[in-house]
Number of protein chains: 2
Amino acid sequence: MQTLSTEDYLKAIYHVSQSSSGAVATTSIAKQIGAKPSSVTDMFKKLSDQNLVKYQKYQGVSLTNEGVKTALRIVRKHRLWESFLVSHLNFNWDEVHQVAEQLEHIQSEKLTNELERFLDYPTHDPHGDPIPNRALFMKTYSKILLTELPVNKEGVCIGVKDNSSGFLRYLDRRQIGIGTTLQVLHREDFDDSLHIQAGKSTLMITKKTAENIYVKP
Amino acid sequence: MQTLSTEDYLKAIYHVSQSSSGAVATTSIAKQIGAKPSSVTDMFKKLSDQNLVKYQKYQGVSLTNEGVKTALRIVRKHRLWESFLVSHLNFNWDEVHQVAEQLEHIQSEKLTNELERFLDYPTHDPHGDPIPNRALFMKTYSKILLTELPVNKEGVCIGVKDNSSGFLRYLDRRQIGIGTTLQVLHREDFDDSLHIQAGKSTLMITKKTAENIYVKP
DNA sequence: AAAAATATTTAGATTAAACTAAATTTTTAA
DNA sequence: TTAAAAATTTAGTTTAATCTAAATATTTTT
Ligand SMILES: [Mn+2]
Ligand SMILES: [Mn+2]
Ligand SMILES: [Mn+2]
Ligand SMILES: [Mn+2]
């Protein structure tokens, strides 16, 4: 049984390892967790003792099979709770993260599984991220960044890369959300900004914004 | 903002002070929390520094106004979560305590208030205990122990004193629960056991059992 | 290939929350 | 009203999780 802190580290290692290849560096976790690198080194040793990560001095860590499973169990709970907060408790998608960060540590298999049933076995959370099922398997459908969508081809927004409250509220103001139909009308060569059709309105977004929106072509 | 541990102590002090008069003794909290008396003394000092309890060496503690409010906020969350687990997640009343013990520490006013709304402002938890509302006020209706119910007078079970899983499952087996109509048919002088009508069946219960069932006459 | 910059680890300290064992105070009972 | 029992506190340790500052290793740049 893990402590709250080890669970957060495992999850952070999992997330970083998903978005980059090779071993996970001390500093990257320090940034993610908001701790000093020396603290991260301590934790790497602790996780290594528990066989949850493979650790070589100065070479970073990688999750063992057991480590991945433990991380996925936390991710599963995190995303189920986020779904619950949005679908039943009137939370907006930019408000759920902080609370799910706490709820993901509640220890009760029955609670997790009943919550999943209550939500009718959701496959994706409010940010479009896949929810591992009871067997920790998750359905990941193919997606591309909005920057990669060919001009004039329609796509549907199915997720975001940046989950920050700032970005999510910005999308709210632009009326872009999961399910919104998107189409690139024109790509500006000068600054890579995009003229897009979002639902019924046309608007301009920067490259940086487009790089954080996933679409299904 | 409190830590998980200080919250559990405050709640324990609150509960003990409810069921007995005067200051709360070190040992009583040690038993409740499952810690050594020396640890309890340490915590009493810490809570006293934060002005959550009044503490005099060797004389026990009593909650300050602020301490009562903090305790009630935890109790509110605990009972709301218990209600949710039973009403929506198929938990039995004997299974909820351990999970609510964790959930009560989640910090989010919005979560608590939205949960309360979702449950339609329940006034009592699955064990018949009153749920403090947003203003921390709780409706306590008058209740008596089954031992005090006059022979042949009908009453309705509205709560239990002992919340242990063992006792609750025993009541399940006897088909006694919140809402069950109860009537004492005969009181045995020899051992104080009771012959009762519980819903549609008649059965015999000991004094010890009757002392842990609250009824509304 | 050395120097400089960056990343990582080590050493030592701190804080919260527990513990054990010993000392002290209060309560109960002879 | 003293002696014994029970309750409580103190003193000193332990463990998890963090930190700072200094030392060391790796990577990048000249
Ligand atoms: Mn977390
Ligand atoms: Mn999410
Ligand atoms: Mn608790
Ligand atoms: Mn209860």
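It should be emphasised that the depicted structure is a prediction, and the values quoted were computed from it without experimental measurement. In what follows, every chain begins at residue 1, and chains take the letters A, B, ... in the order their sequences are listed. All values below were derived from every heavy atom in this structure, side-chain atoms included, with hydrogens, water molecules and symmetry-related copies excluded.
- Comparing C:dA17, D:dA16, D:dA25 by their nearest atom to the side chain of A:Tyr58 picks out D:dA25.
- If you measure from atom CZ of A:Phe44 to atom C1' of C:dT9, you get 12 Å, rounded to the nearest angstrom.
- Checking the phosphate oxygens (OP1, OP2) of D:dC19, a side-chain nitrogen or oxygen of A:Ser39 falls inside 4.0 Å.
- Considering only heavy atoms from C-beta on, B:Ile176 comes within 4.5 Å of B:Ile196 through its side chain.
- The side chain of A:Met43 lies closest to D:dT18 when the candidates are C:dT10, D:dT18, C:dA17.
- Checking the phosphate oxygens (OP1, OP2) of C:dA16, no side-chain nitrogen or oxygen of B:Ser5 falls inside 4.0 Å.
- The aromatic rings of B:Phe118 and A:Phe118 sit perpendicular to each other, their planes meeting at more than 60°, with 30° as the lower class boundary.
- Remark: C1' of D:dA17 and CG of A:Leu4 are 11 Å apart, rounded to the nearest angstrom.
- At a non-hydrogen distance threshold of 4.0 Å, A:Lys46 from residues 46-57 of chain A come into contact with DNA chain D.
- Taking the six-membered ring where the residue is Trp, B:Tyr170 and B:Phe167 present parallel rings, their angle staying beneath 30° rather than reaching 60°.
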Please tabulate, one pair per line, each protein N/O and nucleotide N/O from nucleotides 11-15 of chain D that are separated by under 3.5 Å, including the distance.
none

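- At the phosphate of D:dT9, OP1 or OP2 sits under 4.0 Å from a side-chain N or O atom of B:Thr41.
- Heavy-atom contacts from other residues, nucleotides or ligands closer than 6.0 Å to CG of B:Asp49 number more than 12.
- B:Glu188 CD: more than 12 foreign heavy atoms inside a 6.0 Å radius.
- For B:Lys110, the NZ atom sits in a packed shell: over 12 heavy atoms of surrounding residues, nucleotides or ligands are nearer than 6.0 Å.
- One finds no side-chain N or O of A:Lys36 lying less than 4.0 angstrom from the OP1 or OP2 phosphate oxygen of C:dT9.
- Rounded to an integer number of Å, the gap from A:Lys45 NZ to D:dT18 P is 15 Å.
- Atom pair B:Ile29:CD1 and C:dA18:C1' shows a separation of 17 Å (rounding to whole Å applied).
- Between A:Thr26 and A:Tyr58, the closest side-chain pair of non-hydrogen atoms is not below 4.5 Å.
- Heavy-atom neighbours of B:Asp191 CG from other residues, nucleotides or ligands within 6.0 Å: above the threshold of 12.
- The side-chain hydrogen bond (donor to acceptor under 3.5 Å, both in side chains) search around B:Asp172 returns B:Asn92, B:Trp93, not counting sequence neighbours.
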